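First up is the structure itself, then whatever we jot down about it.
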Amino acid sequence: MVTSPAPDTRDAIVVGAGFAGLYAVHVLRDDLGLDVLAFDAAGDVGGTWYWNRYPGARVDIESVHYSYSFDDDLQQEWHWSERFCAQPEILRYLEHVAERFDLRRSIRFRTRITSLTWDDAASLWTATTATGEAHRARYVISGAGTLSVPKKPEFPGIEDFAGEVYSTGHWPHEEVSFAGKRVGIVGVGSSGIQAISEIAKTAGHLTVLQRTPNYATPIGNHPTDPAQEAAEKAGYAAIRAASRNHFLGVPYSDAQPSALAVTPEERRRVFDDRWDRGGFRLFIDSFGDILFDRAANDTVAGYIRDRIHERVDDPAVADLLAPEGYPYGTKRPPLETDYYEAYNRPTVSLVDVRANPIDAVTPRGVRLADGTEHEFDILVLATGFDACTGPLLAMGVTGRDGLRLADHWADGPRTYLGLMASGFPNLFMITGPQSPSVLYNMPLAIEDHIDFTADALRHLRATGRDVVEPTAEAEDEWVAHTEELARATLLPDSPTSWYMGRNVPGKPRRVLVYLGGAPAYRARCDEVVARGYEGFRLSAGSDHPADDTADDTADHTADRTADRAVAQA
Ligand code: N01
């Protein structure tokens, strides 16, 4: 590693103290021995799980899988109380990880990075905080997240609302009481659906303002079964390996090839079985062509509509709740507990704001286009996020030769491997746009990206270099590849999906995720490394890019594999 040229200059800055930031600090500081400082705008660790403390917030990949795999003692000792744990328990887990690995001493909380600027002459990044402090570092590892910048409210007049306004993505620490209150909620994505199921239990009256109905299916949560937990812990290494070899990063293995290749009776049997088993089994573990073939998708979409009608007493309400006109899975499928039953309560009503859109927020409530006004004491916004690109763009990144990330991405994200962008040396975007990220089990996706980053830094050090950047050609090819993969799926058929950037007005309509699945992605990353960081330019300081030699590449890959084997043994 090149010696730091100034006292305030560190080897690495980490942005964020969620799953990604915590693991990045641990690996860079404790494994690589780097001088690392992390920043987070929050008051403590947790990232997503710090901010999204709305009622009902819960993970929807089984906790035993949605957790770090890098330390076997940790995964053996930690006990999850439920199959799918709620936000407070996941936050406690991350607090425990911070404590266990002594991570907080390397993190500055309540500190937001507002600009990141590359100095080409010094080959350093300068990070400026909201309070004007500057910090310099050779490397920046962004763990800023994918769903961490809430979408701006689109409703004129919201600042004049006389009641309380809450956003699910930025929920207060104090308890919010809904008892006896008239509550309005906008949005029926994963956040809205979880919040509605919970708020409906206590609100005086809850009005759901729904634009696009969603295909929500049962999560199937239950307290942890001790025998199952013991079996999982005994087999954790195999479970993690199977997870890493699955599209979604979970050890499911029951998918049949095609919903169209079986009889209607067999199809129904499979759908019933996956529905009852919960989690993402219906989506990802029933038939392999659901996300690719419209006719196959129609079979499961029709099945879900039927199940919604079975659960909702009023057929007119069920009609409004049952999605039509776009394929299942092209908007991120929410998982629920008693969501549809909430509409059977006399204290819950559903308003269609697609036919009659929200016109404005008034001091008393929400006015619709036809002039109807709904009065509320509390308004909850579950309106989603500026996904994947938003958190990176919010940091005001300027790369080589004054190139702004906002300009580089004016027509949509441009990355290589969803991890780095050409013109932005030494900036690693953990679970960045055009990587599997949100389509993969996040903690594993994060570990894979940070391990790749750490290996790249080891390789730089071993070869006397300190700057890495993708070539423009490699980036072009990756962008074309991710778009080609998306075209082979039904995702472009969804009119409002955030996967395609369609939820934010004015955002480029481009696929934000890599749709080849986590195993294909990891194989490509391994190939890139084995070929001497193919597609990357590696250089020393501001020297001209040097050709890479793959001399020690294989050793580092072997080291990482050995490390993981030890952790999982
Ligand atoms: O956001 P969303 P989210 N007028 O974008 C509506 C993860 N997550 O926060 O579809 C009226 O999905 C919008 O309507 P429409 C997960 O990856 C995970 O719920 O645009 N309505 C939609 O109904 C998830 O996918 C968990 O027509 C407006 C809703 O707001 C991601 O976070 C839990 C509107 C937004 O839904 C985002 O989920 C929670 C307007 N102007 C979240 N603007 C887990 O379980 C927006 N809407 C782990």
Side-chain angles (χ1 to χ4, degrees), residues 19 47-49 51-63 65-66 84-87 90 145-156 158 167-171 184-198 208-219 221 248 278-280 283 321 323 325-326 329-337 339 350-361 366 368-369 379-388 390-391 431 437-443 445 494-505 507 512-513:
F19 267 99
T48 285
W49 300 102
W51 297 107
N52 288 268
R53 43 182 84 215
Y54 59 86
R58 180 178 295 284
V59 70
D60 57 10
I61 285 182
E62 290 87 338
S63 292
H65 309 314
Y66 184 94
F84 299 89
C85 284
Q87 173 270 336
I90 303 165
T146 49
L147 294 156
S148 51
V149 173
K151 199 168 86 135
K152 290 192 187 76
E154 293 158 23
F155 314 115
I158 195 153
S167 163
T168 48
H170 199 155
W171 199 262
I185 182 166
V186 187
V188 292
S190 301
S191 308
I193 282 174
Q194 289 182 333
I196 289 162
S197 311
E198 210 52 39
V208 179
L209 302 157
Q210 170 190 272
R211 189 163 64 183
T212 310
N214 227 323
Y215 292 97
T217 61
I219 193 167
N221 194 25
L248 192 71
F280 281 114
F283 175 45
L321 287 168
Y326 72 92
T330 58
K331 283 167 81 77
R332 203 267 199 184
L335 301 185
E336 50 80 35
T337 304
Y339 169 63
L350 180 65
V351 173
D352 178 8
V353 298
R354 181 159 52 178
N356 188 13
I358 297 173
D359 182 34
V361 175
V366 169
L368 305 184
L379 183 59
V380 177
L381 300 177
T383 45
F385 298 88
D386 183 355
C388 301
T431 64
S437 69
V438 289
L439 291 179
Y440 185 19
N441 179 357
M442 267 295 184
S494 167
T496 60
S497 177
W498 61 258
Y499 287 151
M500 300 294 300
R502 291 200 172 124
N503 65 325
V504 175
K507 186 165 176 165
L512 296 172
V513 284

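Indexing begins at 1, ligand by ligand and atom by atom, following the structure's order. The shown structure was predicted, so the numbers you read here are calculated from the model rather than taken from an experiment. The figures that follow rest on heavy atoms only: side chains count, while hydrogens, waters and symmetry mates do not.
Not counting sequence neighbours, the partners of N52 by the side-chain contact (heavy atoms from CB on, under 4.5 Å) test are T48, Y54, F385. In terms of the side-chain contact (heavy atoms from CB on, under 4.5 Å) criterion, residue partners of S63 (sequence neighbours excluded) are, by chain and number, V59, W80, C85. With sequence neighbours left out, D359 forms a side-chain hydrogen bond (donor to acceptor under 3.5 Å, both in side chains) with R367.
Distance alone, capped at 3.5 Å, places no donor-acceptor pair between the D386 side chain and the V149 backbone.
Between D60 and R332 there is a side-chain heavy-atom pair separated by less than 4.5 Å.
Minimum interatomic distance between W171 and P55 (heavy atoms only, all atoms of both residues): CZ2-CD, 3.5 Å.
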Can you pull every nitrogen or oxygen pair between ligand 1 and the protein closer than 3.5 angstrom?
from     : atom 1 : to   : atom 2 : distance (Å)
ligand 1 : 9 (O)  : S191 : OG     : 2.7
ligand 1 : 10 (O) : T212 : OG1    : 3.4
ligand 1 : 10 (O) : K331 : NZ     : 2.5
ligand 1 : 10 (O) : T496 : OG1    : 3.4
ligand 1 : 17 (O) : R332 : NE     : 3.2
ligand 1 : 19 (O) : S190 : N      : 3.0
ligand 1 : 19 (O) : S191 : N      : 2.9
ligand 1 : 19 (O) : S191 : OG     : 3.3
ligand 1 : 20 (O) : R211 : NH2    : 2.9
ligand 1 : 23 (O) : V188 : N      : 2.9
ligand 1 : 25 (O) : W498 : NE1    : 2.9
ligand 1 : 27 (O) : R211 : NE     : 2.8
ligand 1 : 27 (O) : T212 : N      : 3.4
ligand 1 : 27 (O) : T212 : OG1    : 2.5
ligand 1 : 30 (O) : A382 : O      : 3.2
ligand 1 : 41 (N) : E154 : OE1    : 2.8
ligand 1 : 43 (N) : K151 : NZ     : 3.0
ligand 1 : 45 (O) : R58  : O      : 3.0
ligand 1 : 45 (O) : D60  : OD2    : 3.0
ligand 1 : 45 (O) : Q194 : NE2    : 3.0

